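Since this is a predicted model, take the numbers as computed values, not measurements.
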Amino acid sequence: MIKNLRGVFISLPPMSKFSSHSAEVWLELIRNTMVEHANFIRAKGMQKYMKDHFSFYGVNSPTRKQLLKSLYVSEGKPDPNVIRSLALLLWAEEEREMQYVALDLLESIKRKLEPTDLELIEKLITHKSWWDTVDLLASHLAGAWLLKFPTNKEKILQRWFESENMWLQRTVLIHQLNYKQQTDELLLFSYIEKLNTSNEFFIRKAIGWALRQYARTNPESVQIFVQKTPMSPLSFREATKHL
């Protein structure tokens with residue numbers, strides 16, 4: 001509260017905690033920040049690690065997150081609706097860190113997901129797809145969305161499965177990684193059985209990963225399933241790593 005000109009205390013309207021910047025302005029701020037902190041030597045190593053699929057600024061994860069926090073301090077946080085538009089702009093950028101920033105931003109509004117966000121999540125999963133972005137989109141955002149809006153969950157998962165898009169199928173397998181006791185065991189096991197004959201490395205790896213993670217919650221059930229279900233050596237090895 002402050003005093004007005006007559007000496008009377010009045011209440012001020014609360015200041016917005018969000019920045020007034022548009023998605024385009026935020027894109028420019030983020031791009032300039034990345035360029036300023038680029039490291040050519042580190043970028044070459046990061047590009048090599050990602051099998052030369054993407055180019056990099058050479059900004060590692062801890063630095064990237066700290067730079068984003070610094071922008072919040074100086075500019076305020078972007079509005080959730082701005083983040084949705086900004087994520088698409090960042091996804092169109094050439095350097096891979098820009099997609100990572102998009103994921104950082106979307107992670108910050110995970111509890112505010114809306115029904116229409118499924119389209120955005122699907123688009124990001126199926127564009128510039130590689131494990132580094134898909135795994136977080138699947139286990140954090142798609143998983144959170146399906147938990148929050150479960151009405152058409154089985155139809156959505158079936159559509160992803162039938163799409164024959166490897167990354168959507170991987171999402172079907174690993175979207176429950178953080179569910180723990182909320183894991184739909186029958187659903188998990190049924191899609192593993194459907195995808196068990198795949199020769200794709202990322203599908204086989206996902207099968208093992210999903211089982212290994214669920215084994216932290218229900219090891220007995222996973223043990224029984226693994227014993228009775230033929231699977232690739234990779235899937236079996238990953239699934240039984242901690243059993």
Original post:
side-chain hydrogen bond (donor to acceptor under 3.5 Å, both in side chains) with R84: which of D79, D117, T116?
Top reply: D117
Side-chain donor-acceptor pair under 3.5 Å between [X] and [Y], yes or no?
{"X": "Q158", "Y": "E162", "result": "yes"}
{"X": "N196", "Y": "R204", "result": "no"}
{"X": "E185", "Y": "Y214", "result": "yes"}
{"X": "D184", "Y": "Y179", "result": "no"}

**OP:** May I ask you to decide whether R31 forms a salt bridge with E28, counting only side-chain N to carboxylate O separations under 4.0 Å?
**Re:**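 Yes, charged N to carboxylate O under 4.0 Å.
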**OP:** Output yes when E154 and R159 qualify as a salt bridge under the 4.0 Å nitrogen-oxygen rule, no when they do not.
**Re:** no
Main-chain N/O of [Y] paired to [X] side chain as donor or acceptor, under 3.5 Å:
{"X": "N178", "Y": "G143", "result": "no"}
{"X": "S232", "Y": "S235", "result": "yes"}
{"X": "R42", "Y": "G58", "result": "yes"}
{"X": "W91", "Y": "H127", "result": "yes"}
{"X": "S108", "Y": "L105", "result": "yes"}

**OP:** Just do the salt bridge (Lys or Arg N to Asp or Glu O under 4.0 Å) check on K148 and E114 with the steps written out, would you?
**Re:** CA-CA 9 Å; K148 188 174 183 179; E114 299 176 355; over 6 Å; no
**OP:** Report the C-alpha separation of L67 and I30 in whole Å, then their side-chain angles, then the decisive distance to 0.1 Å, and conclude whether the side-chain contact (heavy atoms from CB on, under 4.5 Å) test is met.
**Re:** CA-CA 9 Å; L67 291 174; I30 293 167; over 6 Å; no
Original post:
Does atom NZ of K180 have more than 12 heavy-atom neighbours, drawn from other residues, nucleotides or ligands, at distances under 6.0 Å?
Top reply: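 For K180, atom NZ is not crowded (no more than 12 foreign heavy atoms under 6.0 Å).
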Original post:
Hey, is CD on E164 packed in by over 12 heavy atoms from elsewhere, all under 6.0 Å?
Top reply: no
Original post:
Step by step, would you call E97 with R64 a salt bridge (Lys or Arg N to Asp or Glu O under 4.0 Å)?
Top reply: CA-CA 8 Å; E97 288 95 338; R64 184 189 76 245; over 6 Å; no
**OP:** Hey, could you give me each pair passing ring-ring contact (aromatic ring centres under 6.0 Å, His included) that has a residue in residues 220-239? Not counting sequence neighbours.
**Re:** F189-F225
Original post:
For the residue pair F202 and W167, does the interplanar ring angle fall in the parallel (under 30°), tilted (30 to 60°) or perpendicular (over 60°) class?
Top reply: tilted
Subject >> Whether W145 and F149 hold their rings parallel, tilted or perpendicular, with breakpoints at 30° and 60° >> reply: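 Ring orientation, 0 to 90° scale: tilted.
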Would you give me the side-chain donor-acceptor pairs under 3.5 Å for residues 69-78, sequence neighbours excluded?
| unit_1 | atom_1 | unit_2 | atom_2 | d |
| --- | --- | --- | --- | --- |
| S70 | OG | Q66 | O | 3.1 |
| S74 | OG | S70 | O | 3.3 |
| S74 | OG | L71 | O | 3.3 |
| E75 | OE1 | H21 | NE2 | 2.7 |

Original post:
Taking the six-membered ring of F161, is NZ or CZ of K194 closer than 6.0 Å to its centre and within 45° of its axis?
Top reply: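 Satisfied, under 6.0 Å and within 45°.
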Original post:
Roughly how far, to the nearest 0.5 Å, is the CZ atom of F54 from the CH2 atom of W130?
Top reply: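 Here the rounded value is 7.5 Å.
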**OP:** Output the distance between atom CD1 (I192) and atom OG (S198), rounded to the nearest 0.5 Å.
**Re:** 12.5 Å
